[in-house]
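This report refers to the structure that appears directly beneath it.
Order of the sequence lines sets the chain letters (A, B, ...), proteins ahead of strands, with each chain counted from 1. Because the structure is predicted, anything quoted here is derived from the model rather than measured. Side chains are part of it too, since the values below use all heavy atoms of this structure and drop only hydrogens, waters and symmetry mates.
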Amino acid sequence: MLILKGVEVYRNEKRILKNINLSFEEGKFYTITGPSGAGKTTLGCVIKGFIHPSTGEIIYPRGNVKNLQERMGFLLQFPERMFFCDTVYDEIAYGIRNFSLPHERERIEEVTSLLSIPPELMKLPPYKLSCGEKRLVALASVLSFEPDWLILDEPFSALDWENIKKLKDVLYILKEKKTVILITHDLSPVLDLTDELVLMKEGSVILTGAPETIPWKIVEESGVELPIVPYFILHLERHGIRIPRSVKRISELTEAIKERLERRRNEGKV
Amino acid sequence: MIVLRDVSIEKNGKFILKNVNFTWRKGERIALLGRNGCGKTTLASVIAGLIAPSRGEVIMEGRVGIVFQEPETQFVTLNCEEEISFGLENMGLSREEVEERIEKVKEKLGIEPFFSRNPFTLSGGELQIMAVASILVMEPDFLIFDEATSFLDAEWKRKVYKVWEEYPGGIMIITQDFSEVVYAEKVYVMEEGKIVYEGKTEEMLERGLLRTDEVLFVSFLKEMGIEINAWRRDEILKGVVNAYTQGSGGLQK
């Protein structure tokens with residue numbers, strides 16, 4: 001478990017993070033969300049050790065927190081900031097070489113096939129790739145050194161729907177083996193994956209909990225767009241149409257609406 | 001009007017764009033869709049006059065502005081205000097007009113709180129809305145948004161959508177979020193450097209060619225007899241509530 005206790009970050013006398021108290025259990029999938037400028041990326045950087053808290057502490061009871069942070073994989077929001085090698089291959093190989101890990105070629109083949117990165121991209125300079133391709137290559141370079149903890153900052157933006165689906169499938173596989181902290185302003189692709197949701201606003205954590213129990217009203221009021229099913233559960237309820245919280249899929253939502261309509265008609269109200 | 005005739009771009013024997021024919025009329029709102037790497041950004045750059053085609057002809061009547069998908073590539077100064085006025089000063093506008101336009105865009109997009117900051121200290125979303133502001137303020141005749149909402153939260157997205165609805169010039173929406181096509185009258189789909197489909201947005205949605213969560217939901221509702229002719233969430237909600245209160249639909253077999 002990694003514990004953040006009373007963490008605050010100041011930048012130019014402005015408090016970017018305010019009294020953050022969170023704990024991250026190994027093997028769980030965390031989603032940090034919130035409106036733009038809420039401090040999500042800064043929090044990710046604190047967890048990774050890129051930014052040191054001005055006050056408060058980060059505790060890792062099982063060992064040295066620095067060692068843990070060093071071995072965390074971090075996918076930045078703007079992958080082009082991560083690239084510095086001449087070819088995609090070297091970029092992906094960098095982490096493997098940096099940690100002096102064996103079987104470079106096999107590891108690269110494994111990770112590129114997992115993310116379906118076409119072999120013809122491997123010799124290109126990374127900055128020549130399209131935005132979505134850059135993102136997959138950046139993720140490959142993070143996965144190649146097999147970190148146990150992953151921090152992914154807005155991994156879905158700029159991806160097309162097929163790549164979103166592909167990345168979701170990959171995240172389902174990674175979820176089994178790793179601790180994932182995913183930062184996003186768009187909950188739609190990650191709701192099914194999430195064990196625990198952390199909602200931030202103006203530098204503070206205002207809510208944590210499992211998606212099944214989270215009060216969607218607060219999430220929406222914070223400025224985060226709700227995925228379609230929670231959106232309709234919340235807004236239909238405002239019109240007196242109650243849909244059970246257990247409803248997760250669009251097909252179930254439609255069924256529940258149908259059931260409500262039929263019941264209303266049987267009661268003779270329409 | 002902007003016209004592309006048989007435009008191709010070839011690099012190292014590979015076609016990035018292939019025989020693209022395309023007309024964009026003044027005031028027309030269009031969406032350009034396609035998978036990562038299919039040539040959308042290249043096509044936008046040709047339209048904006050930033051890349052010359054290897055073959056073919058580009059006719060440009062009017063100024064084109066483009067908001068890039070990687071917002072930070074667009075910034076050249078260390079202060080947001082300078083960034084915004086930079087383009088305007090280059091256009092040779094008077095001081096008064098520069099200030100007037102800046103005030104207008106500040107209000108429209110709600111960027112006042114970080115207007116004096118260094119763009120490189122902004123969050124992803126703040127940076128992106130700033131990139132939108134810096135182009136919008138120049139009031140080009142044609143305005144291209146190249147995946148320019150990907151880092152924006154709900155509130156800022158709504159502000160950008162309002163721009164799409166109200167802007168008097170042409171708007172091109174390049175997006176991976178199919179729910180955004182409702183702001184366009186016409187949709188173009190690209191594949192491997194070619195435009196492979198063009199059609200009216202309404203038609204594409206009705207035929208289920210664009211699979212958004214909203215489209216899927218509307219099609220499920222239709223199957224159970226609730227006909228809703230809308231693709232936006234708030235409108236779909238209204239339709240469901242109407243069906244519930246008036247008892248229309250839902251029960252016919």
Side-chain angles (χ1 to χ4, degrees), chain A residues 11-12 33-42 77-78 80-81 121 129-136 153-154 156-164 185-186 188 220 222-229 231-232 235-236 238-241 250-251 253-255 257-258 260-262 264-265 269-270, chain B residues 33-42 69-73 113-114 117 121-129 146-147 149-158 176-179 211-214 216-217 220-221 223-226 233-234 236-237 240-241 243-251:
Chain A
R11 192 189 292 142
N12 304 330
T33 192
S36 303
K40 307 186 288 292
T41 297
T42 307
Q77 192 170 1
F78 299 102
E80 58 278 12
R81 287 186 189 165
L121 295 189
L129 306 178
S130 78
C131 217
E133 288 164 346
K134 277 183 191 164
R135 208 150 274 264
L136 292 177
D153 194 356
E154 302 280 2
F156 290 101
S157 52
L159 291 188
D160 62 44
W161 65 273
E162 258 177 70
N163 277 325
I164 286 178
H185 69 284
D186 178 12
S188 292
E220 187 173 67
S222 78
V224 172
E225 189 174 38
L226 297 185
I228 190 162
V229 174
Y231 172 89
F232 277 95
H235 288 270
L236 288 171
R238 287 188 181 156
H239 294 274
I241 308 168
I250 299 175
S251 55
L253 174 67
T254 329
E255 275 304 313
I257 290 171
K258 182 179 177 184
R260 293 288 297 143
L261 269 167
E262 277 168 1
R264 191 172 161 87
R265 194 170 127 148
K269 287 188 181 154
V270 287
Chain B
L33 308 177
R35 295 206 53 194
N36 293 141
C38 75
K40 302 184 295 297
T41 299
T42 308
Q69 55 185 338
E70 293 164 22
E72 63 172 5
T73 57
F114 45 90
R117 296 237 317 258
T121 67
L122 299 180
S123 78
E126 289 166 344
L127 202 59
Q128 198 161 44
I129 198 79
D146 188 359
E147 297 186 22
T149 61
S150 55
F151 292 111
L152 299 182
D153 64 22
E155 201 177 315
W156 270 327
K157 269 190 185 159
R158 272 195 293 276
Q176 296 296 348
D177 178 356
F178 293 168
S179 70
R211 302 263 293 182
T212 67
D213 284 347
E214 287 78 6
L216 197 63
F217 186 38
F220 282 161
L221 288 168
E223 269 172 36
M224 53 178 266
I226 300 181
R233 280 185 188 188
D234 48 346
I236 299 170
L237 180 71
V240 175
V241 172
Y244 185 74
T245 48
Q246 294 162 16
S248 59
L251 301 167

- Which answer fits A:Leu136, side chain, backbone, both or neither, if we ask what part of it has an atom under 4.5 Å from a heavy atom of chain B?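 Contact with chain B is absent: no heavy atom of A:Leu136 under 4.5 Å.
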Side chains of [X] and [Y]: closer than 4.5 Å at any heavy-atom pair?
X: A:Tyr231; Y: B:Leu237; value: yes
X: A:Leu236; Y: B:Val241; value: yes
X: A:Asn163; Y: B:Arg35; value: yes
X: B:Arg233; Y: A:Ile228; value: yes
X: B:Phe220; Y: A:Ser251; value: yes

- Message: Are more than 12 heavy atoms, taken from residues, nucleotides or ligands other than A:Asn12, located less than 6.0 Å from that residue's CG atom?
- Response: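 Atom CG in A:Asn12 is not crowded, with 12 or fewer foreign heavy atoms closer than 6.0 Å.
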Nearest-0.5 Å distance, [atom1] of residue [X] to [atom2] of residue [Y]:
X: B:Asp177; Y: A:Glu225; atom1: CG; atom2: CD; answer: 7.5 Å
X: B:Ile226; Y: A:Thr254; atom1: CD1; atom2: OG1; answer: 9.0 Å
X: A:Ser36; Y: B:Ile129; atom1: OG; atom2: CD1; answer: 8.0 Å
X: B:Gln176; Y: A:Glu162; atom1: CD; atom2: CD; answer: 10.5 Å
X: B:Asn36; Y: A:Lys134; atom1: CG; atom2: NZ; answer: 11.5 Å
X: B:Phe151; Y: A:Asp186; atom1: CZ; atom2: CG; answer: 11.5 Å

- Which residues pass the salt bridge (Lys or Arg N to Asp or Glu O under 4.0 Å) test with A:Glu220, sequence neighbours left out?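 None.
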- Which residues pass the salt bridge (Lys or Arg N to Asp or Glu O under 4.0 Å) test with A:Glu154, sequence neighbours left out?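 Applying salt bridge (Lys or Arg N to Asp or Glu O under 4.0 Å) to A:Glu154 gives none.
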Any idea which of [options] has the most non-hydrogen atom pairs under 4.5 angstrom with chain B?
options: A:Glu255, A:His239, A:Glu133, A:Arg135; result: A:His239
options: A:Ser188, A:Pro227, A:Gly34, A:Gly39; result: A:Pro227
options: A:Thr41, A:Leu159, A:Leu253; result: A:Leu159

Where is the tightest heavy-atom contact between [X] and [Y], given as atom of each residue plus distance?
X: A:Gly37; Y: B:Ser123; value: N-OG, 3.4 Å
X: A:Phe78; Y: B:Gly124; value: CZ-CA, 3.9 Å
X: B:Ala154; Y: A:Val224; value: CB-C, 4.1 Å

- Could you tell me which of B:Leu216, B:Leu221, B:Leu152, B:Val240 has the largest number of non-hydrogen atom pairs under 4.5 Å with chain A?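 Among the listed options, the one with the most contacts to chain A is B:Leu152.
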- Mind ranking B:Gly125, B:Gly37, B:Cys38, B:Ser150 by heavy-atom pairs under 4.5 Å with chain A and telling me who comes out on top?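 Top option by heavy-atom pairs under 4.5 Å: B:Ser150.
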Between [X] and chain A, with a heavy-atom cut-off of 4.5 Å, which part of the residue counts as in contact: side chain, backbone, both or neither?
X: B:Glu214; result: both
X: B:Lys40; result: neither
X: B:Phe114; result: neither

- Query: Does the ring of B:Tyr244 carry A:Arg260 above it, NZ/CZ under 6.0 angstrom from centre and within 45° of its axis?
  - Reply: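 Judged by the rule, A:Arg260 and B:Tyr244 form no cation-pi pair.
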